[in-house]
Amino acid sequence: MPIPPLVRLALLVTLLVAAASSLLVWSPRQLLLQGFSSGPYAMWAAPAFVAVFALATLAFFPKPVLNAAAGVLFGVPQGLMLAVAGTTLGAALAFGLGRGLGRDALQPLLKKKVLAALDRRLTAHGFRSMLLLRMVPGIPFQAINFAAAFSGIRLWSFTAATAVGVLPGTAAYVTAGASASSPTSPAFLISTAVMVAMAAVTFVSLRRAQQAMPPHDAVGPA
């Protein structure tokens, strides 16, 4: 017997709440920094790091912290590769959950004007649209994952655009983590400047979006 869409949506919400609540009993940052640097399982450090990274993103743990941990543990080249892999895997997991459990129940909402336009754009220009969304700083990582899952974008377009689009921001945080022990080094200063610039772009974008919204008194009758 097929599971009703609303039941699947409730299951999705339950899983996400449980994942976020799990951070009360475990710390991804502590596990990453203390559990992979040495010991008999060091040979599995890279794949284990990617798996923990991906699961931590599902739990809504801040991704910049995970990126910095990749730099601390593995340096820039390998750390960047593992951080991008963990990011992409975490995004694909969220996409699969959203597409399988939530899309049918939320499909009626996609008929609304703004959401319908986003759905059409992601469906028709999946890779390009997703690439732009990933490169713009300040948009919540999981928000993009589930917005894509509820749209008609294909999985390969979503994952490929994610892997490419997160490279610039991820590189900045990984480099900052790898060079944190030398705060006066060019690598650390440049990566910090990039992060500050990304934060500034985010702030300006949010301010412009807020100013573009109509005044509260102008919406609807008094």
Side-chain angles (χ1 to χ4, degrees), residues 3 5-29 31-32 47-70 80-110 114-115 118-123 125-170 173-174 202:
I3 303 175
L6 289 178
V7 175
R8 280 183 283 156
L9 178 61
L11 178 59
L12 173 62
V13 173
T14 301
L15 288 174
L16 295 178
V17 171
S21 300
S22 71
L23 295 177
L24 297 174
V25 296
W26 76 295
S27 170
R29 180 180 181 277
L31 179 61
L32 293 176
F49 182 90
V50 171
V52 172
F53 192 115
L55 293 175
T57 62
L58 276 179
F60 301 92
F61 191 80
K63 200 165 69 67
V65 178
L66 302 173
N67 292 334
L80 177 58
M81 178 184 67
L82 294 177
V84 171
T87 298
T88 305
L89 177 59
L93 291 174
F95 182 92
L97 287 173
R99 178 64 61 89
L101 297 177
R103 188 184 181 195
D104 289 344
L106 296 177
Q107 196 69 29
L109 294 179
L110 298 179
V114 176
L115 295 178
L118 177 61
D119 182 31
R120 287 195 301 270
R121 184 166 185 83
L122 287 175
T123 301
H125 309 285
F127 179 86
R128 183 172 62 186
S129 299
M130 184 55 53
L131 183 64
L132 291 174
L133 287 173
R134 291 302 190 192
M135 295 183 70
V136 174
I139 303 179
F141 178 70
Q142 288 290 22
I144 299 178
N145 293 339
F146 288 109
F150 301 148
S151 74
I153 188 174
R154 295 181 179 181
L155 176 61
W156 73 267
S157 298
F158 171 79
T159 53
T162 295
V164 176
V166 300
L167 271 171
T170 301
Y173 283 98
V174 170
T202 300

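A pairwise comparison of heavy atoms in Phe53 and Asn67 identifies CZ-OD1, 3.2 Å as the closest pair. Taking every heavy atom of both residues into account, Phe141 and Ala91 meet most closely at CZ-CB, 3.7 Å. Nearest heavy-atom pair, Leu58 versus Gly90, reported as atom, atom and distance to 0.1 Å: CD2-O, 4.2 Å. Closest approach of Ile153 to Ser157, counting heavy atoms only: CG1-CB, 4.1 Å. Closest approach of Ala92 to Phe158, counting heavy atoms only: N-CE2, 4.1 Å. Contact between Val84 and Leu167 at its shortest, heavy atoms only, is CG2-CD2, 3.7 Å.
Atom CZ of Phe60 sits about 10.5 Å away from atom OG of Ser22, to the nearest 0.5 Å. Rounded to the nearest 0.5 angstrom, Leu97 CG and Asn145 CG are separated by 10.5 Å. Considering CE of Met130 and OG1 of Thr159, their distance stands at 10.0 Å, rounded to 0.5 Å. Rounding to the nearest 0.5 angstrom, the gap separating the OG atom in Ser151 from the CZ atom in Phe146 is 13.0 Å.
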With a 3.5 Å cut-off and sequence neighbours excluded, list the donor-acceptor pairs that the side chains of residues 5-18 form with protein atoms.
{"residue": "Arg8", "atom": "NE", "partner": "Ile3", "partner atom": "O", "Å": "3.2"}
{"residue": "Arg8", "atom": "NH1", "partner": "Gly100", "partner atom": "O", "Å": "3.2"}
{"residue": "Arg8", "atom": "NH1", "partner": "Asp104", "partner atom": "OD2", "Å": "3.3"}
{"residue": "Arg8", "atom": "NH2", "partner": "Asp104", "partner atom": "OD2", "Å": "3.1"}
{"residue": "Thr14", "atom": "OG1", "partner": "Ala10", "partner atom": "O", "Å": "2.8"}

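The closest side-chain heavy-atom distance from Arg29 to Leu66 is not below 4.5 Å. Looking at heavy atoms from C-beta onward, Pro28 lies out of side-chain contact with Val65 at the 4.5 angstrom threshold.
Between the side chain of Gln142 and the backbone N or O of Ala94 there is no donor-acceptor pair closer than 3.5 Å.
Every pair tested for side-chain hydrogen bond (donor to acceptor under 3.5 Å, both in side chains) that includes a residue from residues 82-101 fails, sequence neighbours excluded, so the list is empty.
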